[in-house]
Amino acid sequence: MDIIIKPMESDSEIRGKAYVHWKAWQDAYAGLIDQAYLDGLTIEKCTDIAFRWLDNLLVAKENDRVIGFVGYGVCGDDPFTGEIFSLYILKEYYDRKIGYALMCAALERLSDYRKIYVWVLEGNRRAIRFYERCGFRFDGTKKEIKLGTTNTEIRMVLHHDR
């Protein structure tokens with residue numbers, strides 16, 4: 001398996017990221033969020049999002065195919081904290097350490113921050129276990145978001161010692 005992690009740069013990588021976004025949501029969130037909302041998240045919507053959000057994105061590629069991505073940056077609520085905004089891989093690549101490689105690459109780019117946040121959908125056990133293995137812990141902060149119906153996101157934090 002020849003996987004590379006690199007900054008997203010080309011139109012084909014942006015379109016690949018859009019596909020991963022769409023497909024990963026279909027696989028990961030079925031049964032967790034409102035199905036009508038999920039049905040409304042089309043590949044076209046994901047492509048539009050991908051072409052509008054180009055910064056701080058790394059893609060995982062096998063040959064020329066984008067199989068995962070991570071978005072990272074400064075936390076919108078706290079300029080002294082980093083944040084992992086999104087991390088998705090295609091289901092057929094689960095359990096191959098690709099998510100871990102993406103996370104490590106993003107954390108390396110966030111190494112100047114003492115704290116890093118990630119928000120996870122309540123009930124998304126697979127993601128919670130993954131983030132816990134990466135060192136993130138719940139800090140007790142929750143927020144409600146609308147994904148068709150109201151859902152709860154839970155914040156996890158990773159503390160960095162510099």
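Along the sequence shown, residues carry numbers from 1. Everything numeric here is computed off the predicted structure, so don't read it as measured data.
Relative orientation of the Y29 and W25 rings is perpendicular, given thresholds of 30° and 60° on the angle between their planes.
The environment of NZ in K97 is sparse: at most 12 heavy-atom neighbours from other residues, nucleotides or ligands sit within 6.0 Å. Few gaps surround CD on E92; more than 12 heavy atoms of other groups in view lie less than 6.0 Å from it. Atom OH of Y94 has more than 12 heavy atoms from other residues, nucleotides or ligands within 6.0 Å. Within a 6.0 Å radius of CG in D64, no more than 12 heavy atoms belonging to other residues, nucleotides or ligands are found.
Remark: R15 does not engage D11 in a salt bridge, criterion side-chain N to carboxylate O under 4.0 Å.
The closest side-chain heavy-atom distance from H159 to R114 is not below 4.5 Å. Looking at Y72 and R109, their side chains come closer than 4.5 Å, going by heavy atoms from C-beta outward. Residues N151 and L121 have side chains in contact (heavy-atom distance under 4.5 Å, counting atoms from C-beta outward). In this structure the side chain of V70 never reaches within 4.5 angstrom of the side chain of L57, judged on heavy atoms. Side-chain contact between I116 and V157 is absent, with no heavy-atom pair separated by less than 4.5 Å. The shortest side-chain heavy-atom distance between E62 and D2 does not fall under the 4.5 Å cut-off. Residues N63 and R65 form no side-chain contact, since every pair of their non-hydrogen atoms from C-beta on lies 4.5 Å or further apart.
A donor and an acceptor atom, one from each side chain of Y113 and E83, are nowhere located under 3.5 Å apart.
Checking each of Y93, W53, Y88 against F69 for a ring pair (Phe, Tyr, Trp, His ring centres under 6.0 Å) leaves exactly one that passes, namely Y88.
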Please evaluate residues F80 and K115 with respect to the criterion side chain to side chain contact (heavy atoms under 4.5 Å, CB included), reporting the C-alpha separation (whole Å), side-chain torsions for both, the decisive distance (0.1 Å), and the verdict. CA-CA 8 Å; F80 301 105; K115 287 189 305 189; over 6 Å; no

Please evaluate residues R155 and D139 with respect to the criterion salt bridge (Lys or Arg N to Asp or Glu O under 4.0 Å), reporting the C-alpha separation (whole Å), side-chain torsions for both, the decisive distance (0.1 Å), and the verdict. CA-CA 6 Å; R155 188 171 71 188; D139 72 355; 2.7 Å; yes

Step by step, would you call V120 with F138 a side chain to side chain contact (heavy atoms under 4.5 Å, CB included)? CA-CA 10 Å; V120 63; F138 292 111; 4.2 Å; yes

Going through the distances and angles, do D34 and K146 end up as a salt bridge (Lys or Arg N to Asp or Glu O under 4.0 Å)? CA-CA 9 Å; D34 180 37; K146 281 281 194 193; over 6 Å; no

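The side-chain hydrogen bond (donor to acceptor under 3.5 Å, both in side chains) analysis of residues 127-136, with sequence neighbours excluded, yields no pairs.
In this structure, E13 contributes its side chain and E9 its backbone to a donor-acceptor pair below 3.5 Å.
Cation-pi geometry between K45 and W22 is not met at under 6.0 angstrom from the ring centre and within 45 degrees of the axis.
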